[in-house]
Amino acid sequence: MMIFLVEALVLCSIFTVLILLSMKKPLEAQIYSYPPNIIHRVAKMGLIEKMEKPRVVEVLKRKWPAIIVFGAVIGIAVYYLNDANTFLKAFAISYGLWFVVDWYDAIVLDIGWFCHSKRVRIPGTEDMIEDYQDYWFHIKASLVGMLLGLPTCLIAGAVCRILA
């Protein structure tokens, strides 16, 4: 259990650093992570070309390489660090880690920080406080994130099965 907690803490820390690094890009570059009304306003201001979010299929096409690599890395890590020598054990541990990071993102980073930070407000949308503080938007995104974790953790389980 202690190893799991340390892994979760490390993964949440890495995820936080990645989010902070992504903040170096213009906020409009991450517009599709924003609530729909904000996307609509930014499009009306002419800061982005198209208003609708990319379809799930398009997103998955772009993310498959990362899902495969991340699944393999997590699989290797849980095999060696957690003694996960079966598919089911590796899947359960990796999905548990995914769960912790996913809800850390939703509760701490999105609801705790994004919803209340003026640093992430796109100029021209500062008056849209209700939209920025739409907690339900972030909860729904986290539920989708839980689904995205399934293929990653299935790959982690397969990697552990191969290594065993």
Side-chain angles (χ1 to χ4, degrees), residues 1-36 38-39 48-50 52-115 117 119-120 122 134-164:
M1 183 63 160
M2 182 57 100
I3 290 173
F4 180 87
L5 292 174
V6 170
E7 288 170 319
L9 182 62
V10 167
L11 288 172
C12 288
S13 298
I14 290 169
F15 191 78
T16 301
V17 167
L18 292 173
I19 293 298
L20 291 173
L21 289 174
S22 75
M23 296 301 299
K24 301 240 183 242
K25 297 178 185 175
L27 295 177
E28 294 83 2
Q30 298 146 24
I31 190 65
Y32 298 112
S33 296
Y34 282 67
I38 296 169
I39 295 170
I48 58 171
E49 289 182 27
K50 63 182 202 178
E52 68 273 352
K53 290 183 175 187
R55 296 176 174 258
V56 173
V57 173
E58 294 169 13
V59 171
L60 284 176
K61 281 181 186 176
R62 282 189 321 212
K63 292 190 178 195
W64 267 110
I67 288 171
I68 292 168
V69 169
F70 192 62
V73 168
I74 281 210
I76 292 166
V78 298
Y79 177 78
Y80 288 107
L81 297 175
N82 302 85
D83 195 32
N85 54 6
T86 67
F87 175 86
L88 190 56
K89 186 174 180 183
F91 175 79
I93 292 168
S94 61
Y95 199 70
L97 291 167
W98 186 278
F99 181 90
V100 169
V101 174
D102 185 73
W103 286 99
Y104 165 80
D105 177 36
I107 295 166
V108 175
L109 297 179
D110 290 345
I111 293 172
W113 179 61
F114 176 88
C115 288
S117 173
R119 184 174 179 209
V120 298
I122 297 170
D134 181 358
Y135 302 149
W136 183 238
F137 171 79
H138 298 288
I139 299 293
K140 288 188 295 187
S142 188
L143 293 172
V144 170
M146 294 305 300
L147 292 174
L148 289 174
L150 290 172
T152 303
C153 296
L154 288 169
I155 291 167
V159 166
C160 285
R161 182 66 188 111
I162 291 167
L163 292 173

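Just so it is clear, the values below take in all heavy atoms, side chains as well, and ignore hydrogens, waters and symmetry mates.
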From CA spacing to verdict: side chain to side chain contact (heavy atoms under 4.5 Å, CB included), D110, Y135: CA-CA 8 Å; D110 290 345; Y135 302 149; over 6 Å; no
Quick one: [atom1] on [X] to [atom2] on [Y], what's the gap to the nearest 0.5 Å?
X: I162; Y: Y79; atom1: CD1; atom2: OH; answer: 11.5 Å
X: D102; Y: L143; atom1: CG; atom2: CG; answer: 8.0 Å
X: I39; Y: Y34; atom1: CD1; atom2: OH; answer: 10.0 Å
X: I14; Y: I19; atom1: CD1; atom2: CD1; answer: 13.0 Å
X: I93; Y: E7; atom1: CD1; atom2: CD; answer: 7.5 Å
X: F137; Y: I139; atom1: CZ; atom2: CD1; answer: 11.5 Å

Can you tell me how the ring of Y95 sits relative to the ring of F91, calling it parallel under 30°, perpendicular over 60° and tilted otherwise?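 Plane angle under 30°, so parallel.
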If you look at every heavy atom in [X] and [Y], which pair is closest and at what distance?
X: I111; Y: I107; value: CB-O, 3.5 Å
X: C160; Y: T86; value: CB-O, 4.4 Å
X: V120; Y: S117; value: CG2-O, 3.3 Å
X: A90; Y: V78; value: CB-CG2, 4.1 Å
X: W98; Y: G149; value: CE2-CA, 3.2 Å
X: D134; Y: C115; value: N-SG, 4.5 Å

Do the side chains of [Y] and [X] get nearer than 4.5 Å, heavy atoms only?
X: I155; Y: F70; answer: no
X: F114; Y: V108; answer: no
X: L109; Y: H138; answer: no
X: S22; Y: Q30; answer: yes
X: V100; Y: L9; answer: no

What's the verdict on side chain to side chain contact (heavy atoms under 4.5 Å, CB included) for I31 and I122, showing C-alpha distance, side-chain angles and the deciding distance? CA-CA 9 Å; I31 190 65; I122 297 170; 3.5 Å; yes
